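Taking it in order: structure first as structure tokens, then the write-up.
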Number of protein chains: 2
Amino acid sequence: MNNKEKLRKAGLRPTKQRMIIADILLDGINRHFTAENLQNEINSSGNSMSIATIYNCLKKFRNCGLIKQVESSKDTAIFDTNINQHHHFLDEETGKLIDIENDEVNLHKLPKIPQGYLNNGVEVLIKIKKQI
Amino acid sequence: MNNKEKLRKAGLRPTKQRMIIADILLDGINRHFTAENLQNEINSSGNSMSIATIYNCLKKFRNCGLIKQVESSKDTAIFDTNINQHHHFLDEETGKLIDIENDEVNLHKLPKIPQGYLNNGVEVLIKIKKQI
DNA sequence: TTTTACTTTAAAATCGTTCTAAACTACTTG
DNA sequence: CAAGTAGTTTAGAACGATTTTAAAGTAAAA
């Protein structure tokens, strides 16, 4: 399925700007990035786009499940092209994230989900720091 | 150990402002809060403090391990008085966090920590959503 | 004491992100 | 295809959380 079809399937109009972003993000390679990172990539691909459009687009893509947003207390939002359930190592010093595939973690015993709620995804974060 | 001693032990001068905050936060009760939440509590305790001082103090307290900061992609930083290793339920709609004690989760099989790094804490986040 | 280093403060600045409202474009319906 | 309409993009302004500034204040050391 090409990117135009992916966008349509997600209920998004395949505009010129969304196609540029889809071509960068939906190439099957897993990466973590910020809005600013993406703008730089757009620029180096010879295109350009308002930062407002980039934010709009990232929000739409995320809400449609084309990308994920990482839970992180950094000051900048971090997005992830890996949309499968998976986990992360986090180097708190540098903010660097490394993917952990789902099958590398085995969670026995989970707590009971609070009354009236449904489980909507489990994320394991392993904080790491450089050895000295 | 009283709060003055706790601050000294953490390497922090027990100033008037830090004592006011310590008296609110270090009462043994686990809670999640923002800088603004704390300012409101300071105000209702009959005191007042510059917001810059509150941020300074929260950063110092966190760096000394007197409180923790929660990994969260909300726009406001969320702090936690529970400094033991523990986990969270997160309602992504509302941002509400609920503690999960460490012994309610059992992680068999963890991935190998990347070369040159040390494990610095594991956090499990269970995203939940309201049943409809 | 006197000195020195650290802390607090109000106000300004910064930075990521969202809003505004006007121009533009994709899609729908006739 | 033509015309309408609903959704999209944009630059720039606005916003809100947090940090910086620099001057005044305070705790601890000498």
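Bear in mind that the values here come from a model prediction, so they are computed numbers and not experimental data.
Of the N and O atoms on the side chains of D80(A) and N30(A), not one donor lies less than 3.5 Å from an acceptor on the other residue. Looking at Q17(A) and T53(A), their side chains never bring a donor and an acceptor atom within 3.5 Å of each other. A donor-acceptor contact closer than 3.5 angstrom is absent between the side chains of N102(A) and N84(A).
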request  = Go along nucleotides 4-17 of chain C 5' to 3' and tag each nucleotide: B for a protein heavy atom under 4.0 Å from its base, S when only backbone or sugar atoms are that close, - otherwise.
outcome  = -BBSBBB-----SS
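A distance of 6.0 Å separates CG of L25(A) from CD1 of I67(A), quoted to the nearest 0.5 Å.
Remark: P of dT25(C) and CD1 of I20(A) are 13 Å apart, rounded to the nearest angstrom. If you measure from atom CZ of F33(B) to atom P of dA17(D), you get 16 Å, rounded to the nearest angstrom. Rounded to whole Å, the distance from CG on L7(A) to P on dC27(C) is 11 Å. Atom pair L38(B):CG and dT18(D):P shows a separation of 12 Å (rounding to whole Å applied).
Between H88(B) and H32(B), the ring planes lie perpendicular to each other; the angle is over 60°, past the 30° to 60° tilted range.
Using a 4.5 Å heavy-atom cutoff, the side chains of S72(B) and L90(B) are not in contact.
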